Amino acid sequence: MTLPGGNPETNSRVPAVPAEPDFSAGVPAQPSPVPVEFDELTRQRSKEIIALYPEPRSALLPLLHLVQSVEGHVSEDGIRYCAEVLELTTAEVSAVATFYTMYKRRPCGEHLVSVCTNTLCAALGGDAIYERVGRLLGSEGRPLGHEETVGEPGTPGSLTLEHAECLAACDLGPVLQVDYEYFDNQTVDSAVELVEALRRGERPQPTRGAPLTDFRSAELELAGFTDDASEVDTTARVEGPSSAVETVRGARMAEENGWTAPELPATPPPMPAPPEKK
């Protein structure tokens, strides 16, 4: 099996057939199998992640988040790195990295802005928010598109925009997220104000969840490391509000009125008889 660049896959279980070397321009320098971005600290963290699982391959999801915290996306080098430390093929790693939308294949900005455009949020204004923010961040009459970045990726004020399929907050729509933290009950105007603040280098307080950091710090936390993920105190991040008034209104009404669900029977009811075969 070969990689997109035409190089044999180093971790493939099927030996690659070597191509005839071309020495017409001299002997080419052999590239390092692992780029310098994945330094000793990253390797140590990789070992800590892998040690949590009985099978190393089960560590692939958090390991991809770790790679993304280093690179700002998951590159071909990042895929090779995961394949090397987990003893998988790059095809196996690529299959996972391209299946889940949280793993980005292009460099992301300092912040990732995700606008929910699924049915309920779209009907409540999510489509209008996405369209307006895209035009705001675009240039020369062309709006910024899905997973496109304004500014130099990773630099202060740079933003990557995406439309998201359901952010699981239908009672608070329209919603958007910045680095996976929630901003609920948005309008076109409030979304524009939020994006403009991010472009200025500000970090507005989310409606729910932890104080904002940046995309790479959020990815490091998703990989399982919070010790140096941000300048924000870890306690403040853990104790951030996680629910909204709308979400717990039913539970509060039940408590105030003394409503309770019926108790489970001591023995489960008998299963219905299967239908007769005809």
Side-chain angles (χ1 to χ4, degrees), residues 35 37-38 42 62 64-79 81 97-98 100-117 121 126-165 167 174-184 186 188-223 225-226 228-232 237:
E37 286 85 353
F38 304 112
T42 303
L64 284 167
H65 283 299
L66 179 65
V67 164
Q68 200 153 247
S69 76
V70 174
E71 295 187 301
H73 70 303
V74 178
S75 69
E76 293 296 331
D77 286 334
I79 287 174
Y81 174 73
T98 56
Y100 293 103
T101 58
M102 289 182 75
Y103 303 122
K104 308 305 180 185
R105 301 311 308 279
R106 290 185 289 183
C108 284
E110 179 188 23
H111 298 291
L112 173 66
V113 179
S114 311
V115 181
C116 183
T117 56
C121 276
D127 281 348
I129 290 173
Y130 181 77
E131 187 272 337
R132 180 67 182 88
V133 170
R135 285 194 288 112
L136 174 69
L137 299 178
S139 60
E140 299 177 356
R142 180 186 177 280
L144 198 69
H146 175 61
E147 291 193 347
E148 292 186 342
T149 300
V150 58
E152 184 67 25
T155 60
S158 59
L159 301 180
T160 297
L161 176 67
E162 69 172 358
H163 66 80
E165 285 299 320
L167 296 179
V175 298
L176 60 82
Q177 290 180 336
V178 178
D179 305 327
Y180 306 117
E181 302 296 349
Y182 281 96
F183 290 83
D184 303 316
Q186 291 294 294
V188 171
D189 291 340
S190 65
V192 166
E193 291 176 6
L194 171 61
V195 168
E196 289 178 336
L198 294 172
R199 289 286 280 159
R200 292 193 299 267
E202 301 172 15
R203 295 182 176 179
Q205 178 65 36
T207 310
R208 293 176 289 132
L212 285 186
T213 53
D214 54 62
F215 177 67
R216 294 194 184 196
S217 295
E219 287 298 308
L220 187 60
E221 291 187 37
L222 288 171
F225 300 94
T226 58
D228 60 348
S230 70
E231 298 175 357
V232 180
R237 294 191 59 71

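These numbers were taken from a predicted model, which means no experiment stands behind them.
- Residues that satisfy the ring-ring contact (aromatic ring centres under 6.0 Å, His included) test with Tyr103, not counting sequence neighbours, are His65.
- Using a 4.5 Å cut-off on side-chain heavy atoms (C-beta onward), Leu198 and Glu110 make no contact.
- Using a 4.5 Å cut-off on side-chain heavy atoms (C-beta onward), Leu176 and Tyr182 make no contact.
- Without hydrogens or angle criteria, Glu148 side chain to Gly145 main chain gives a donor-acceptor distance under 3.5 Å.
- Atoms NE2 and SG, from His73 and Cys108 in turn, are 8.5 Å apart once rounded to the nearest 0.5 Å.
- The backbone N or O of Gly78 lies less than 3.5 Å from a partner atom in the side chain of Ser75, making a donor-acceptor pair.
- Annotation: the span from Arg132 atom CZ to Asp127 atom CG amounts to 15.5 Å, rounded to 0.5 Å.
- Atoms OG1 and CG, on Thr149 and Leu144 in that order, are 7.0 Å from each other to the nearest 0.5 Å.
- Glu131 is linked by a salt bridge (charged side-chain N to carboxylate O under 4.0 Å, His left out) to Arg135, counting only residues two or more places apart in sequence or in another chain.
- Once rounded to the nearest 0.5 Å, the distance linking CG of Asp179 with CG of Leu222 reads 10.0 Å.
- Across Val67 and Tyr81, no two heavy atoms sit closer than the pair CG2-CD2, 3.9 Å.
- Remark: His163 engages Tyr130, His146 in a ring-ring contact (aromatic ring centres under 6.0 Å, His included) (not counting sequence neighbours).
- For the atom pair CD of Glu219 and CG of Leu112, the computed distance is 8.5 Å after rounding to the nearest 0.5 Å.
- In terms of heavy atoms, Arg203 sits closest to Leu212 at CD-O, 3.8 Å.
- Counting only heavy atoms from C-beta outward, the side chains of Thr160 and Phe215 never approach each other to under 4.5 Å.
- At a threshold of 4.5 Å between non-hydrogen side-chain atoms, the residues Arg208 and Asp184 count as touching.
- Residues passing the salt bridge (charged side-chain N to carboxylate O under 4.0 Å, His left out) test with Glu196: none are found, sequence neighbours excluded.
- Listed by chain and number, the residues in a salt bridge (charged side-chain N to carboxylate O under 4.0 Å, His left out) with Glu147 are Lys104 (sequence neighbours excluded).
- Of the possible donor and acceptor atoms, none in the side chain of Glu221 sits under 3.5 Å from a partner among the backbone N and O of Arg216.
- With hydrogens and angles ignored, the 3.5 Å screen pairs no side-chain donor or acceptor of Glu181 with any backbone N or O of Pro206.
- Here the shortest heavy-atom pairing between Ala97 and Val74 reads CB-CG1, 4.4 Å.
- Between the side chain of Gln68 and the backbone N or O of Leu66 there is no donor-acceptor pair closer than 3.5 Å.
- Between Ser114 and Ala164, the shortest heavy-atom distance links the atoms CB-CB, 4.2 Å.
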Please walk me through it: do Val115 and Glu162 pass side-chain contact (heavy atoms from CB on, under 4.5 Å)?
CA-CA 6 Å; Val115 181; Glu162 69 172 358; over 6 Å; no

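- Taken to the nearest 0.5 Å, the CG atom of Leu159 stands 5.5 Å off from the CZ atom of Arg199.
- You'll find the side chain of His111 reaches within 4.5 Å of the side chain of Asp214, heavy atoms only.
- Listed here is the closest heavy atom pair of Ile79 and Arg105: CD1-NH2, 3.3 Å.
- Side-chain contact between Gln186 and Val175: absent, with no pair of heavy atoms (C-beta onward) separated by less than 4.5 Å.
- Considering only residues two or more places apart in sequence or on other chains, Ala197 meets the side chain to side chain contact (heavy atoms under 4.5 Å, CB included) condition with Arg200, Glu202, Pro204.
- Nearest heavy-atom pair, Ala191 versus Val133, reported as atom, atom and distance to 0.1 Å: CB-CG2, 4.3 Å.
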